[in-house]
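In what follows, a single structure is set out as structure tokens and then discussed.
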Amino acid sequence: MMRYLLPLIAFVILAAFLLVGLNLNPRKIPSPLIGKPAPVFNLQQLHEPENVFKSKDNLGKVWLLNVWASWCASCRDEHPLLVQLAKANVVPIYGLNYKDKRNLAIQWLDQLGDPYTKSIMDPEGRVGIEYGVYGVPETYVIDKSGVIQYKQIGPVTVDVLEKTILPLVKELQG
Amino acid sequence: MNLKLFLNLIINYGILTMTCLRNLFCKKQFILLFFILIASPLSFAKEALPVAENPEIEKRMIILSEELRCLVCQNESLAGSRSDFAKDIRREIREQLLANKSDKEITDFLVARYGDFVLYRPPVRTNTMILWFGPFAFLLVGGVLLFFFLKKRRKSLQEVPLTNEQLKQAENLLKESSDGDNK
């Protein structure tokens, strides 16, 4: 009996491991920045290049930092949802235009709608490195004291927004 | 000519000789190919030179980034990847090296932003224990199982001494066959 049972058990264990492995997303790498102060930056604004946006000005409010680019296909997927979220007026969204060209970015926003309270430019991706950006779009939830509370890698979906981001924002807004 | 090129040449020439020995009619091609083989590594040799302004920094940057994983194309190192992400990080490493940062400061900088995942050799922590010691644990378990299996097997294969009768029978059989051979 054991003769047949042992290989079967071994197979089931192996299959279980492989099944779990298949369902893991290798792109989801836990960010070490969660729970840490968001890197401070001063960047040129997209629409008004003469004005500099300072991330320190956002201390005292809960905000979302959405990293996007006009060359990024999945940014297009998540964009309608961001526009919708902006209309609901729950939480300000700041757009970090990542490694992009000003005219392309402005054209993109004109076409698809501008959900951003303010848009800022990171043409060389330097602030992106500070924030550990490696796959646009990425969205950070930053609390009143300027600490990163959550990071969404890849597009924000309805599911993530309703189950994770919005409850978290509400809790942080307290 | 450096050592690598020389070895490359020897190997190529060796392969050629082996294939030619099988076919004795390729004398002409043999000579031609010999010159091609000598010429080709020499002509490629120049292309591999680093194009940076500061070869010293470039060398250190490559050594450092070979130990780091590209997060966009995860099976490539930051040194080998052609993705924009890897290019940006290489630029960052280059700049930090120019600013006289040590290798450790730079890897710490990247780990603080991208996590241990950027390291091809993550530090030993509670959550990387399986990674580091798992293979040895499996080896140990396998070794123990093998030991018991062999022990059991040896027991079942133990020789049973022949009885006198069987010995006689065997001797007779051997005699018969050797007699047969002599005839």
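Here is how names work: the chains are called A, B, and so on, in the same order as the sequence lines, proteins then strands, and each is numbered from 1. Nothing here was measured: the structure is a model prediction, and the numbers come from that model.
Transitive grouping of hydrophobic side chains (ILVMFWY, heavy atoms separated by less than 4.5 Å) brings A:Trp108 and A:Met121 into a common cluster. Hydrophobic clustering (side-chain heavy atoms under 4.5 Å, transitive across Ile, Leu, Val, Met, Phe, Trp, Tyr) groups A:Leu5 together with A:Ile13. Both A:Ile93 and A:Leu112 sit in one connected hydrophobic cluster of ILVMFWY residues. Membership requires side-chain heavy atoms under 4.5 Å apart, directly or through other members. Put simply, A:Tyr94 and A:Ile165 are part of two different groups of oily side chains (I, L, V, M, F, W, Y) that touch within less than 4.5 Å, one to the next. Under a hydrophobic-cluster definition in which Ile, Leu, Val, Met, Phe, Trp and Tyr are linked whenever side-chain heavy atoms come within less than 4.5 Å, directly or via other members, A:Leu82 and A:Leu161 are assigned to the same cluster.
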Item to complete: Go through A:Ile129 and B:Phe109 one step at a time and tell me if the side chain to side chain contact (heavy atoms under 4.5 Å, CB included) criterion holds.
Response: CA-CA 10 Å; A:Ile129 289 180; B:Phe109 171 89; 4.0 Å; yes
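Residue contact with chain A, scored on non-hydrogen atoms closer than 4.5 Å, is absent for B:Val118.
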For chain A and chain B, give me every donor-acceptor pair shorter than 3.5 Å, distances to one decimal.
| residue | atom | partner | partner atom | Å |
| --- | --- | --- | --- | --- |
| A:Pro26 | O | B:Gln74 | NE2 | 2.8 |
| A:Arg27 | NH1 | B:Val72 | O | 3.3 |
| A:Arg27 | NH2 | B:Val72 | O | 2.6 |
| A:Lys99 | NZ | B:Asp88 | OD1 | 2.8 |
| A:Lys99 | NZ | B:Asp88 | OD2 | 2.5 |
| A:Glu124 | O | B:Arg91 | NH1 | 3.4 |
| A:Glu124 | O | B:Arg91 | NH2 | 2.9 |
| A:Arg126 | NH1 | B:Glu95 | OE1 | 2.8 |
| A:Arg126 | NH1 | B:Glu95 | OE2 | 3.4 |
| A:Arg126 | NH2 | B:Glu95 | OE2 | 3.0 |
| A:Glu130 | OE1 | B:Arg113 | NE | 3.2 |
| A:Glu130 | OE1 | B:Arg113 | NH2 | 2.8 |
| A:Val133 | O | B:Tyr114 | OH | 3.3 |

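For the residue pair A:Pro32 and B:Ala112, the shortest heavy atom distance occurs at CG-O, 3.3 Å.
Annotation: B:Ile130, atom CD1; neighbour count of heavy atoms from other residues, nucleotides and ligands within 6.0 Å does not exceed 12.
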